[in-house]
Amino acid sequence: DGGITQSPKYLFRKEGQNVTLSCEQNLNHDAMYWYRQDPGQGLRLIYYSQIVNDFQKGDIAEGYSVSREKKESFPLTVTSAQKNPTAFYLCASSWTGSRYNEQFFGPGTRLTVL
Amino acid sequence: AQSVSQHNHHVILSEAASLELGCNYSYGGTVNLFWYVQYPGQHLQLLLKYFSGDPLVKGIKGFEAEFIKSKFSFNLRKPSVQWSDTAEYFCAVNDDRGSTLGRLYFGRGTQLTVWP
């Protein structure tokens, strides 16, 4: 089946620890995105990448880092510098960064920092 | 930057009632418009999209939306809702500016609850 997988579904970490969220897609999409979803705030863009080895900051990039070494993979690291990391994180992908392309979403990872 | 407003944060309806969810955006140039839905425990999925042409677009599950350029609006409608329409609905917009090509701007979402 083609799609986007995110793992794990639930993640718990202690305050001060870095944590990496996985996102893999087999849709052959060029562009990938990370969003954060908080109740009543919609989806806010953290980082996006339109091509391997290149990525851009979104609206709330502080405290996060990404890499794009492979077309299929776009892992997100939530660092200890992120002041309020507990949230639901969504990964998405689309064909090359054209405005005509819809984004497809993964199932999300719910991160809780204790 | 583009901003997207969804005026209704939580809408509660009885089955068979009609639905209209508002969405307004700020950018005055060429836009593409989307409505996504998130059913409880499921992936965010596309309901419908507008790129060009007929401003009245039809999507899945009987939903439709109308693009009114002069009002910067893209309201979602359904004539008769069902209990299974209970979900969170997000309006999203992208535009033709090269520096942000491909990225979507989302509204804050509207939680729809339908009582049987």
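What you see is a predicted model; the values in this text were computed from it and never measured. Residue numbers start from 1 in every chain, and the chains themselves are labelled A, B, ... in the order their sequence lines are given, proteins ahead of strands.
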Supply the atom-to-atom distance F104(A) CZ to Y36(B) OH, rounded to the nearest 0.5 angstrom. 7.5 Å
As an exercise, state the distance from OH of Y105(B) to CG of D59(A), rounded to the nearest 0.5 Å. 7.0 Å
Residue pair L104(B), L43(A): steps toward the side chain to side chain contact (heavy atoms under 4.5 Å, CB included) verdict: CA-CA 10 Å; L104(B) 283 177; L43(A) 276 69; over 6 Å; no
Honestly, the part of L46(B) sitting under 4.5 Å from a heavy atom of chain A is side chain
Specify which of Q38(B), E88(B), Q111(B) makes the most heavy-atom pairs with chain A at under 4.5 Å. Q38(B)
Tell me whether [Y] is reachable from [X] by hopping between hydrophobic residues (I, L, V, M, F, W, Y) whose side-chain heavy atoms are closer than 4.5 Å.
X: I60(A); Y: F90(B); answer: no
X: Y39(B); Y: V114(B); answer: yes
X: V52(A); Y: Y33(A); answer: no
X: Y48(A); Y: V66(A); answer: no
X: L45(A); Y: L111(A); answer: no

Looking only at non-hydrogen atoms, find the nearest pair between R108(B) and G40(A) and report the distance. CD-O, 3.3 Å
Under 4.5 Å from any heavy atom of chain B, what part of Q37(A) do you find: side chain, backbone, both or neither? side chain
Apply side chain to side chain contact (heavy atoms under 4.5 Å, CB included) to residues Q45(B) and F105(A) and explain how you reach the verdict. CA-CA 7 Å; Q45(B) 58 185 280; F105(A) 285 82; over 6 Å; no
Atom CD1 of residue position I51(A) - does it have more than 12 heavy atoms of other residues, nucleotides or ligands inside 6.0 Å? no
Step by step, work out the side chain to side chain contact (heavy atoms under 4.5 Å, CB included) result for F51(B) and E102(A). CA-CA 10 Å; F51(B) 290 160; E102(A) 70 181 85; 5.7 Å; no
